[in-house]
Amino acid sequence: MTATSPPVALAIAGTDSGGGAGLTADIRAFTACGVHGAVAVAAVTVQNSVGVEGFHAIPPEVVAAQIRTVAGDMGVDAAKTGMLASTEIIAAVVEAGDEVGLGTRVPLVVDPVAASMHGHPLLAPDALDAVRTLLIPRATLVTPNLDELRLLVGVEVVDDDTARTAARALLDLGAGAALVKGGHLAGSPEVVDLLVTADGTEHRFSSSRRDTPHSHGGGDSLASSITAGLARGMALVDAVALGKAYITRAVEHAYPLGAGHGPVSSLWSVADWEPR
């Protein structure tokens, strides 16, 4: 009996040698959410639970070639971007992505990674304009955290009104939809994520806030689980609901690892099994 091939989701991002974030988190979320994960490695970071010690950007033409090679063979049902590091890499991703339909016939989730959770820069300062003018206009959905929102659109999110303002500013840049995440907004017992689509429709996704320092890879995991939903053919709102459910469980099961911030976990989704 031949197994049926699952949908394919492509992550275009950087590695995390500590296994908490980046492509490692993407692949975990893809698997937990029922899709095959493919990758285009854009950077190799040197990091652990304490922080990022450095990174090496992959040559832009190699990043683009990975996208073309995967799409040309197995196809891509949805894609997401994470750490892209430089204007040159962003331009190469956009060029290859246009060739294979990312952001048009293939849903594209843009997670505009600018810095690690420890504050270490992961995006060259001059690359912000490339994110605004090249990447976001092609996004089916853009999923910045609050720090990235400040960098991209200059809005300090402190409540529902400023979250709405920030989302609309992203839509003005050309995004198909914007998800303003409330995980970093302190002072509320609820984590509220606001989804605003290009036609102005709003959807709110709420969960109880969990008091834990172990949230490494949370943003990557949310974006990649939404991408998995889109790869499975879900409507955007349903895919975001899937992502919200996944990251809520992942944070609930986050674990300490190393001397710093431990990762959110996908292990709750792994069934117990025994060797035959």
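As a basis for the values below, the full set of heavy atoms in this structure was taken, side chains included, without hydrogen atoms, waters or symmetry mates.
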Stepwise salt bridge (charged side-chain N to carboxylate O under 4.0 Å, His left out) test for Glu252 and Arg210: CA-CA 7 Å; Glu252 288 173 354; Arg210 185 173 178 84; over 6 Å; no
Hphob cluster co-occupancy, [X] + [Y], side-chain heavy atoms under 4.5 angstrom:
X	Y	value
Val106	Val35	yes
Val270	Val264	no
Leu10	Ile90	yes
Val44	Ile67	yes
Val180	Val158	no

Side chain [X], main chain [Y], donor-acceptor under 3.5 Å:
X	Y	value
Ser215	Gly218	no
Arg105	Val100	yes
Arg232	Cys33	yes
Ser269	Ala32	no
Asp238	Ala241	no
Gln66	Val41	yes
Arg28	Gly20	yes

Modelled atom types, side-chain donor and acceptor of Lys244 and Ser207, under 3.5 Å: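 There is such a pair (donor and acceptor under 3.5 Å, judged by atom type) between the side chains of Lys244 and Ser207.
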Flag for His216-Asp16: side-chain donor and acceptor within less than 3.5 Å: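 Judged by distance alone, the side chains do pair up.
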Atom pair OG (Ser17) and CD (Gln47), whose distance is rounded to the nearest 0.5 Å: 5.5 Å
Glu156 CD to Leu146 CG distance, which is reported to the nearest 0.5 Å: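 If we round to the nearest 0.5 Å, Glu156:CD and Leu146:CG are 8.0 Å apart.
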Salt-bridge contact Glu99-Arg68 (side-chain N to carboxylate O under 4.0 Å):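 Salt bridge flag = yes for Arg68 with Glu99.
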Indicate yes or no: at least one non-hydrogen side-chain atom of [X] is less than 4.5 angstrom from one of [Y].
X	Y	answer
Arg164	Leu194	yes
Lys181	Leu222	yes
Leu151	Leu128	yes
Ile226	Leu141	yes
Thr81	Leu108	yes
Val39	Asp26	no
Phe205	Val237	yes
Asp111	Asn145	no

CA sep, side-chain torsions, deciding dist, call: Val142, Leu179, side-chain contact (heavy atoms from CB on, under 4.5 Å): CA-CA 6 Å; Val142 59; Leu179 183 67; over 6 Å; no
Specify the closest pair of heavy atoms between [X] and [Y], including all atoms of both residues, with the distance to one decimal.
X	Y	answer
Val110	Ala139	CG2-CB, 3.5 Å
Ser265	His253	CB-O, 3.1 Å
Thr87	Asp126	OG1-O, 3.3 Å
Val63	Ile12	CG1-CG2, 4.2 Å
Ala21	Gly217	CB-CA, 3.7 Å
Gly34	Pro6	O-CB, 4.0 Å

Asn48 vs Glu53, side-chain contact (heavy atoms from CB on, under 4.5 Å): CA-CA, chis, key distance, verdict: CA-CA 8 Å; Asn48 53 26; Glu53 295 183 10; 4.3 Å; yes
Intermediate values then yes/no, side-chain contact (heavy atoms from CB on, under 4.5 Å), Asp129 and Leu134: CA-CA 8 Å; Asp129 278 341; Leu134 296 178; over 6 Å; no
Residue pair Ser266, Tyr246: steps toward the side-chain contact (heavy atoms from CB on, under 4.5 Å) verdict: CA-CA 8 Å; Ser266 62; Tyr246 173 78; 3.1 Å; yes
Candidate pair Arg138 and Asp98, rule salt bridge (charged side-chain N to carboxylate O under 4.0 Å, His left out), full reasoning: CA-CA 9 Å; Arg138 289 165 168 81; Asp98 285 351; 2.8 Å; yes
Partner of Val131 by side-chain contact (heavy atoms from CB on, under 4.5 Å), out of Val113, Leu173, Leu152: Leu152
